[in-house]
There are 2 protein chains.
Amino acid sequence: MSTIKKVCQLAGVSTATVSRALKNPDMVNVKTRERIFKAIAEAGYRPNVLASSVKTGRSNSLVVLVPNLSNPFFLKIIQGIEQAAQESGYSVLLGDTQGDPAREHEYAGMVLSNRADGLIHLDHSFPFSKNDERLAENVAMVSVCERIVADKKYPVVELDNYSACRALANHLVSYGHQNFGVICGQKESQIYRDRLGGIKSVLTEEAIELDDSLVVGGEYSIEAGETGARELLANPNRPTAIFCFNDDIAIGAIHEIKKHGLRVPDDISVVGFDNIKVSGYIDPPLTTIDQPAYEMGRTAVEVVLQQIKNKTLLRDREILPFRLLERASSGQVATR
Amino acid sequence: MSTIKKVCQLAGVSTATVSRALKNPDMVNVKTRERIFKAIAEAGYRPNVLASSVKTGRSNSLVVLVPNLSNPFFLKIIQGIEQAAQESGYSVLLGDTQGDPAREHEYAGMVLSNRADGLIHLDHSFPFSKNDERLAENVAMVSVCERIVADKKYPVVELDNYSACRALANHLVSYGHQNFGVICGQKESQIYRDRLGGIKSVLTEEAIELDDSLVVGGEYSIEAGETGARELLANPNRPTAIFCFNDDIAIGAIHEIKKHGLRVPDDISVVGFDNIKVSGYIDPPLTTIDQPAYEMGRTAVEVVLQQIKNKTLLRDREILPFRLLERASSGQVATR
DNA sequence: CTGTTAGCGCCTTCAT
DNA sequence: ATGAAGGCGCTAACAG
């Protein structure tokens, strides 16, 4: 590994000039610049970014905390993050936390130890350990989809989950459904409250009751969809339509429903949430809410970079638009 | 951000002692150690990893180059990488290259600029630019699934694609199929040659010809599966069984086949490759090759860390086992 | 426009 | 067991 000094020797200049030739080329004479670049090529020199980071105090990277890398929806967000970060000269440190606080603390600590300049969190937990709480106060941090639960308010990039679920509920109600089931993800999150709130608000308007025993689940996975559907099918008060809190859950639910010899949507309608790629290709194609995951990722980067650059944030909530995608997994209520 | 100096003042010791207390605790007196840790807590001190990296020349991170973050199979590999890296104290820099050489060069350059100690590549291209070729000679690098095409041989973690495709072909032949279609991914890769070779070797043994016009595709995506299937269905010599070079392709193909009013597997059998999660939940569940993606990721980390630590590699090919998963998308050949 | 100088924050001999 | 001092590779005033 050749260092800046080797280049100096070859070009017969000082380290400062080499540094300048690289950062502010117009601050150095064309002739010397040429000489320097020739020397750089000859030496096979690459600046040591770590060394400059020590000087500048900027690592030019962002940590991204994901609770579950297997979720295609998160992946789409990460793609957006990665893209936007790269365009701004930042690199992305990936942290798969699996919802484990210890891992969150470890990854979040990267911002404290100068390995990263900012943090994007795809979950609602406060990612720093109790010990680091004080230090974390001035950290650039943004959450996507979920709101971070903490004393201080951190900015968030999200969807209007309440309205999106109202749209789904209205859609199903318009098909004559009266009896609903819900297979949700984690219950302790804002998302859960917003989504269930949205559904309930419509049902209340329609004077429809939501049976508490028909709200099942607790995890965003295909398996949770299977288990949840099984539970709902076994309920004496079997629903004619099921809200699934993401597409993976819906995929599992549909699979399970079919396994019981029932048809979707003829016997039971199923709707999902997210619009992951494959949801348009399963049988039947899934009615779902399209979340602009990629854009959400991009926006998160913008927000966190604004914080890093100390520009004041215009707003601490970025709410992106959703779209109801009516596909074939939802339809007229079955006449019993 | 407090630095080591603040800790020194508080503890009344020198920087050297603090540094030691952190790295080699037993080299320092218990009493002073305690004092130091108290000071650390009080100051809210976190060592600046970048600064130590400059000293040690180690960044303790790995770059991972992925051609396509949307592919769930790659994701599984990345999970394995992330996990194993973390366990060894390394962090993962994610580079979504989209197969673009310019991006590959940029990310690969991270190893040259000390931002990363090693490189894991999920593709077959030589990721460094022509300019960096010389510098890249001693870089720790490993490819997963694909073999890197270069003068120097780099280690690879892969599957015996040839045998896996033989297994698939034998499976389909045993059901009486004689007329095959193939929807492949990129054609310039070793994988393509190995997989097609495996299929052909079985067909040759069975004295079955593979019509060249029935080998279509060129990209690993759901859309490529749709297009490919459409092409194959339109072929006057319509196949009764289709090899898809990954599960996404198979998902697209099955969707398209159904759209044409045909049934899988009654009219046409379809087999995939990878065993992504959702492949067991589509209708019909997909017959496919299970690749131990997670393990592949873990192995890749082991290999690259061995290179970094300059231990000689035991072997430069790690071949992991596959499993043929016979599910419902393949069956008896249709009697016309 | 260029060189000198003084660090960035940490680690690591070398003494003591 | 501890401290002093020098340096990792680079940047950023400050002179000239």
Side-chain angles (χ1 to χ4, degrees), chain A residues 1-40 43-61 89 109-117 135, chain B residues 1-40 43-61 89 109-117 135:
Chain A
M1 248 347 49
S2 31
T3 86
I4 203 171
K5 284 191 189 154
K6 233 164 255 169
V7 179
C8 295
Q9 293 173 353
L10 288 171
V13 293
S14 76
T15 60
T17 314
V18 175
S19 183
R20 274 191 287 255
L22 254 18
K23 300 260 165 184
N24 307 67
D26 12 72
M27 278 179 67
V28 22
N29 187 307
V30 192
K31 293 294 277 177
T32 34
R33 209 192 312 166
E34 272 172 11
R35 210 147 29 96
I36 290 171
F37 283 127
K38 227 187 86 201
I40 286 175
Y45 167 70
R46 301 283 301 231
N48 181 331
V49 278
L50 264 36
S52 30
S53 286
V54 175
K55 255 315 247 192
T56 61
R58 287 280 163 82
S59 66
N60 291 308
S61 53
M110 289 182 165
V111 189
L112 271 25
S113 54
N114 296 56
R115 198 194 264 294
D117 299 334
L135 299 173
Chain B
M1 269 299 91
S2 30
T3 85
I4 202 170
K5 283 189 189 156
K6 233 164 255 169
V7 179
C8 295
Q9 293 173 354
L10 288 170
V13 294
S14 75
T15 62
T17 313
V18 176
S19 181
R20 275 191 286 256
L22 254 18
K23 299 260 163 183
N24 307 68
D26 10 71
M27 279 180 67
V28 22
N29 188 307
V30 193
K31 293 294 277 178
T32 36
R33 211 193 310 168
E34 271 172 13
R35 215 150 22 97
I36 290 172
F37 283 126
K38 226 187 86 201
I40 286 175
Y45 167 69
R46 300 285 301 234
N48 181 331
V49 275
L50 264 34
S52 28
S53 285
V54 175
K55 264 308 258 189
T56 61
R58 287 280 163 82
S59 66
N60 291 307
S61 54
M110 289 180 164
V111 188
L112 304 175
S113 53
N114 294 58
R115 197 194 264 296
D117 299 335
L135 299 173

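All chains are named by letter (A, B, ...) in the order of the sequence lines, taking the proteins before the strands, and each is independently numbered beginning at 1.
- At whole-Å resolution of the value, NZ in A:Lys31 and P in C:dT2 are 12 Å apart.
- Mapping A:Arg35 and A:Thr15 onto DNA chain C via the closest heavy atom, the residue that lands nearer the 5' end is A:Arg35.
- Comparing C:dC11, D:dC10, C:dG3 by their closest approach to the side chain of B:Ser52 singles out C:dC11.
- In the set D:dC10, D:dT11, C:dC1, the nucleotide with an atom closest to the side chain of A:Asn48 is D:dC10.
- In terms of position on DNA chain D, the residue among B:Ala51 and A:Lys23 whose nearest nucleotide sits closer to the 5' end is B:Ala51.
- Closest to the A:Lys5 side chain, of the nucleotides D:dC8, C:dC1, C:dT12, is D:dC8.
- Residue-level contact check: A:Asn24 touches neither bases nor backbone, having no heavy atom under 4.0 Å from any strand.
- In this structure, B:Ile4 places its CD1 atom 19 Å from P of D:dG7, rounding to the nearest Å.
- When the side-chain nitrogen and oxygen atoms of A:Ser19 are compared with OP1 and OP2 of D:dT11, one or more of them lie within a distance under 4.0 Å.
- Straight-line distance from the NZ atom of B:Lys6 to the P atom of C:dG9: 9 Å, rounded to whole Å.
- If you take CG on B:Leu135 and OG on B:Ser113, they are separated by 11.0 Å, rounding to the nearest 0.5 Å.
- At the heavy-atom level, A:Ser53 lies nowhere under 4.0 Å from the strands shown.
- The side chain of B:Thr3 lies closest to C:dG9, out of C:dG9, D:dA12, C:dC1.
- Atom CZ of B:Arg46 sits about 10.5 Å away from atom CE of A:Met110, to the nearest 0.5 Å.
- Relative to the side chain of B:Thr17, the nucleotides D:dC8, D:dG3, C:dG3 differ in distance, and D:dG3 lies closest.
- With C:dC10, D:dG9, D:dC10 as the choices, the nucleotide that has an atom nearest any side-chain atom of A:Tyr45 turns out to be D:dC10.
- When atom types are taken as modelled, the side chain of B:Arg33 and the backbone of B:Pro25 share a donor-acceptor pair closer than 3.5 angstrom.
- Within the nucleic acid shown, A:Val18 has no heavy atom closer than 4.0 Å to any nucleic acid atom.
- Between A:Lys55 atom NZ and C:dG9 atom P the separation is 9 Å, expressed in whole Å.
- With DNA chain D read from its 5' end, the first of the two nearest nucleotides for B:Ala16 and A:Arg20 is the one closest to B:Ala16.
- The main-chain N or O of B:Ala11 is found under 3.5 Å from a side-chain atom of B:Arg35 such that the two form a donor-acceptor pair.
- If you take CG of B:Leu50 and P of C:dC10, they are 11 Å apart, rounded to a whole angstrom.
- If you check every strand for non-hydrogen atoms under 4.0 Å, A:Val28 touches sugar and phosphate atoms only.
- With rounding to whole Å, B:Asn114 atom CG is found 12 Å from D:dT11 atom P.
- Atom NZ in B:Lys23 sits 7.0 Å away from atom OG1 in B:Thr56 (nearest 0.5 Å).
- A:Ile36 places its CD1 atom 8 Å from the P atom of C:dG3, with the value rounded to the nearest Å.
- In this structure, B:Leu22 places its CG atom 16 Å from P of C:dG9, rounding to the nearest Å.
- Between the CG atom in B:Asn48 and the CZ atom in A:Arg115 there is a gap of 10.5 Å [rounded to 0.5 Å].
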